[in-house]
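Reviewing the structure listed below.
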There are 2 protein chains.
Amino acid sequence: MNRLPVYLQILTDLELTETSQVSSDQLAALANVNAAKVRKDLSYLGTYGTRGVGYEVAFLIYQIKRELGLLTEWKTIVVGAGNLGSAITVNGGFASRGFPVVAIFDVDPRKVGTIVGELTVRNLDEMCEFVRANGVQIGVLAVPSTAAQSVADDLMAAGIGSLLNFAPVVLTTTKGVTVRNVDLGVELQILGYHEQLRGQASSQPNRVSV
Amino acid sequence: MNRLPVYLQILTDLELTETSQVSSDQLAALANVNAAKVRKDLSYLGTYGTRGVGYEVAFLIYQIKRELGLLTEWKTIVVGAGNLGSAITVNGGFASRGFPVVAIFDVDPRKVGTIVGELTVRNLDEMCEFVRANGVQIGVLAVPSTAAQSVADDLMAAGIGSLLNFAPVVLTTTKGVTVRNVDLGVELQILGYHEQLRGQASSQPNRVSV
DNA sequence: TAGATTGTTAATCGATTAACAATC
DNA sequence: TAGATTGTTAATCGATTAACAATC
C-alpha cells in the first residue's frame with residue numbers, strides 16, 4: 001500500500017511531540033486524505049483501533065513497519081560515486097530508516113579508494129563478487145544513463161533483489177527483480193505542466209483542468 | 001496526465017533510432033501498458049493518429065511537449081549546494097529538458113562563491129530578491145529537513161510557482177503553489193516492502209499479494 | 001448512559017480495457 | 001479491395017467515500 005509510508009512519517013512526527021493517541025480524522029487531516037480511507041488502509045493491517053478513542057501511535061508505527069518490512073534491515077549498495085551517489089550514501093540517512101549502505105562502487109580509477117561518508121569507494125570490478133558474498137538485497141543506480149543497463153544486468157546476474165534507478169532510461173529486467181525508477185527530470189516536467197496550467201487558468205479560462 | 005512523460009521518453013528514444021511511425025500496440029509494449037490506454041491517452045491530445053498506419057513519432061513528441069508545457073523554458077533555481085544540489089545542477093541535464101538552472105544558493109559561507117557546474121554559489125540572503133527580479137518559476141529544495149520549511153516560506157513569499165522538495169517533511173504551503181515531494185527514503189522503503197513480499201512468497205505461501 | 005470513533009458495508013466514482021465501427 | 005490500426009463506446013474493474021451499526 002503506497003500510503004502507508006506517508007502515515008508512518010506523520011505518526012513518527014506525532015510521536016516526537018508526545019502524542020500517544022490519534023484518530024482517523026486527525027490522521028486524515030495531516031495526510032490530506034479522507035478519514036474513511038485512513039480507516040480502510042489501517043484496517044488492512046489488522047483491527048488495531050479502539051472505537052470511541054482512536055489508535056495508539058506507537059503501536060501503529062510498529063504495525064506499519066512490520067507490514068512494510070522495515071523491522072528488518074535491507075543491505076544496500078550504491079553504484080556511482082558522483083554527487084548523486086555521494087548524496088545518497090552520506091546524507092540520505094537511510095541507515096536509520098532500515099537501509100544501511102554497505103558499499104559504494106565506481107568505475108573511475110580516480111574515485112576508487114576515496115572516502116565517501118564512512119565508506120571507501122570500491123572498484124566496479126568487485127561489485128558482483130561483493131553482492132554475492134554479502135547477500136546484498138538492494139542496489140541504487142546513480143550512474144550515467146549509458147551505463148545503467150549494463151550495471152543492472154551485472155547486479156541481476158549477481159542475485160540482487162531490487163533496484164532503485166536514477167538514470168532516465170527504461171531498464172530491461174530479468175526474473176523477479178523489482179525496479180523503481182526515479183527520473184528527476186520527469187518530476188520537473190510535471191511541475192512545468194502545472195506552471196503551464198497556471199498560465200492558462202489566468203489567460204484562457206475556457207479549459208477544464210485534468 | 002502522468003503517463004505522458006513516459007510516452008515522451010519512449011518516443012524520443014524511437015526518434016533516435018530513425019523510427020518515424022509507431023502504432024499504439026508498439027508504444028503499449030514499450031511502456032508496459034494496454035494499447036487501448038495508449039490510444040485513449042493520446043486521443044486526449046487531439047486526433048493525431050492515422051487509421052491503418054499509426055502515429056508519426058516527431059509530431060507526437062511535439063504534441064506531448066506542447067501539452068506538458070515543455071515548449072517553454074521554466075526558470076529553475078536550486079537551494080542547497082551540497083552533493084544533492086550539485087548533482088541536480090551539474091549532471092541532471094535538466095537544461096536540455098526545458099528547465100535551465102539559473103542559480104544555486106547556500107547558507108554556508110564556505111560554499112558561497114564556489115563553482116558548481118557553470119554557476120557560482122550565491123548567498124541565501126540574495127535568494128528572494130533574485131527570484132523576484134528574474135521571475136523564477138521553479139525552486140528545488142536540496143536542503144536539510146530542518147531548513148526546508150523556512151526556505152519554502154521565503155520562496156513562496158517571493159512568488160515562486162512550484163517547488164520540488166527532497167527533504168523528508170510535509171511542507172505547509174500557501175496560495176496556489178504546487179509542491180512535489182521526492183523522498184528517497186520512501187522509495188527505498190517501497191523496495192524493502194517488495195523484498196519482504198518476496199521472502200514471504202517463498203516461505204509462507206498462504207498470503208495473497210497486495 | 002451519552003459522546004466519540006472504529007470497522008465495514010454498500011453506493012459512488014473514475015480509471016481501465018475489450019470490442020468494434022470508421023477509415024486509412 | 002483486404003489488412004491494419006485508430007478513435008470511441010460500453011462494459012468491467014477497482015478505488016474512494018458516505019453512512020451507520022458496533023462498541024469503547
Side-chain angles (χ1 to χ4, degrees), chain A residues 1-8 10-11 14-15 19-64 66-68 186 190 193-194 197 207-210, chain B residues 1-8 10-11 14-15 19-64 66-68 186 190 193-194 197 207-210:
Chain A
M1 191 63 72
N2 288 326
R3 287 182 297 266
L4 289 179
V6 177
Y7 300 146
L8 179 58
I10 293 169
L11 290 165
L14 284 175
E15 199 176 38
T19 314
S20 63
Q21 297 282 338
V22 70
S23 71
S24 58
D25 253 3
Q26 296 172 305
L27 210 43
L30 293 168
N32 279 317
V33 296
N34 184 287
K37 190 186 283 183
V38 170
R39 291 199 295 277
K40 190 141 219 183
D41 287 344
L42 296 182
S43 74
Y44 171 78
L45 303 172
T47 60
Y48 298 137
T50 308
R51 293 172 193 226
V53 179
Y55 301 86
E56 202 196 326
V57 174
F59 189 61
L60 216 45
I61 288 175
Y62 175 82
Q63 292 300 336
I64 292 179
R66 183 186 51 71
E67 174 64 22
L68 291 179
V186 165
I190 292 169
Y193 177 60
H194 284 277
L197 284 186
R207 188 180 227 276
V208 181
S209 93
V210 200
Chain B
M1 191 64 73
N2 288 327
R3 288 182 297 266
L4 289 180
V6 177
Y7 300 146
L8 179 57
I10 293 170
L11 289 165
L14 285 176
E15 200 175 38
T19 314
S20 64
Q21 297 282 338
V22 70
S23 71
S24 58
D25 254 3
Q26 295 172 305
L27 211 41
L30 293 168
N32 278 319
V33 296
N34 184 287
K37 189 186 283 182
V38 170
R39 291 199 294 277
K40 190 143 219 182
D41 287 345
L42 296 182
S43 74
Y44 171 78
L45 302 173
T47 60
Y48 298 137
T50 306
R51 292 172 193 224
V53 178
Y55 302 85
E56 203 197 325
V57 173
F59 190 61
L60 217 45
I61 288 175
Y62 176 82
Q63 292 300 335
I64 293 179
R66 182 185 52 71
E67 176 64 23
L68 292 179
V186 165
I190 292 170
Y193 176 62
H194 284 277
L197 285 186
R207 188 181 226 275
V208 181
S209 92
V210 200

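Chain letters run A, B, ... following the sequence lines, proteins first and then strands; every chain starts at 1.
Among pairs with a residue in residues 47-61 of chain B, those fulfilling side chain to side chain donor-acceptor pair (under 3.5 Å) read B:Tyr48-B:Gln63, at least two apart in sequence or across chains.
Separating the CG atom of A:Leu45 from the P atom of C:dT8 is a distance of 12 Å, rounded to the nearest angstrom. Between the CG atom of B:Asn2 and the C1' atom of C:dA15 there is a distance of 13 Å, given to the nearest Å. As rounded to whole Å, 18 Å separates atom P of D:dG3 from atom CG of B:Asp25.
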Checklist line | Worked check of side-chain contact (heavy atoms from CB on, under 4.5 Å) between A:Leu45 and A:Leu4 | finding: CA-CA 10 Å; A:Leu45 303 172; A:Leu4 289 179; 4.1 Å; yes

Next item on the list: Could you please spell out the steps behind the side-chain contact (heavy atoms from CB on, under 4.5 Å) verdict for A:Val57 and A:Gln21?
Entry: CA-CA 5 Å; A:Val57 174; A:Gln21 297 282 338; 5.8 Å; no

Margin query: Counting primed atoms plus P, OP1 and OP2 as sugar-phosphate and everything else as base, spell out the protein contacts along nucleotides 16-24 of chain D at 4.0 Å heavy-atom distance: B, S or - for each nucleotide, 5' to 3'.
Written below: SBBB--BBB

Please tabulate the protein-to-nucleotide N/O contacts below 3.5 Å involving nucleotides 11-14 of chain D, giving atom names and distances.
none

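For the atom pair CD1 (B:Ile64) and CZ (B:Phe59), the distance works out to 11.5 Å, reported to the nearest 0.5 Å.
The two atoms that bring A:Leu27 and A:Val22 nearest to each other are N-CG2, 4.1 Å, heavy atoms only.
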Margin query: Counting Watson-Crick and G-U wobble pairs with both distances under 3.5 Å, what is the dot-bracket string for DNA chain D, 5' to 3', using [ ] for crossing pairs and | for pairs to another strand?
Written below: ..||||||||||||||||||||||

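Partners of A:Thr19 by side-chain hydrogen bond (donor to acceptor under 3.5 Å, both in side chains), not counting sequence neighbours, listed by chain and number: A:Thr17. Partners of B:Leu30 according to the side chain to side chain contact (heavy atoms under 4.5 Å, CB included) rule, which considers only residues two or more places apart in sequence or in another chain, are B:Ile10, B:Leu14.
Of the side-chain N and O atoms in A:Tyr55, one or more sit less than 4.0 angstrom from OP1 or OP2 of C:dG7. Contact annotation: B:Ser24 side-chain N/O to D:dT5 OP1/OP2 distance is not under 4.0 Å.
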Side-chain donor-acceptor pairs under 3.5 Å in residues 33-42 of chain A, sequence neighbours left out?
residue	atom	partner	partner atom	Å
A:Asn34	OD1	A:Ala36	N	2.7
A:Arg39	NH1	A:Ser24	OG	3.0
A:Asp41	OD1	A:Arg3	NH2	2.9
A:Asp41	OD2	A:Arg3	NE	2.7
A:Asp41	OD2	A:Arg3	NH2	3.3
A:Asp41	OD2	A:Tyr7	OH	2.7

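Taking the side chain as every heavy atom from C-beta outward, B:Ile190 and A:Leu68 never approach each other to under 4.5 Å.
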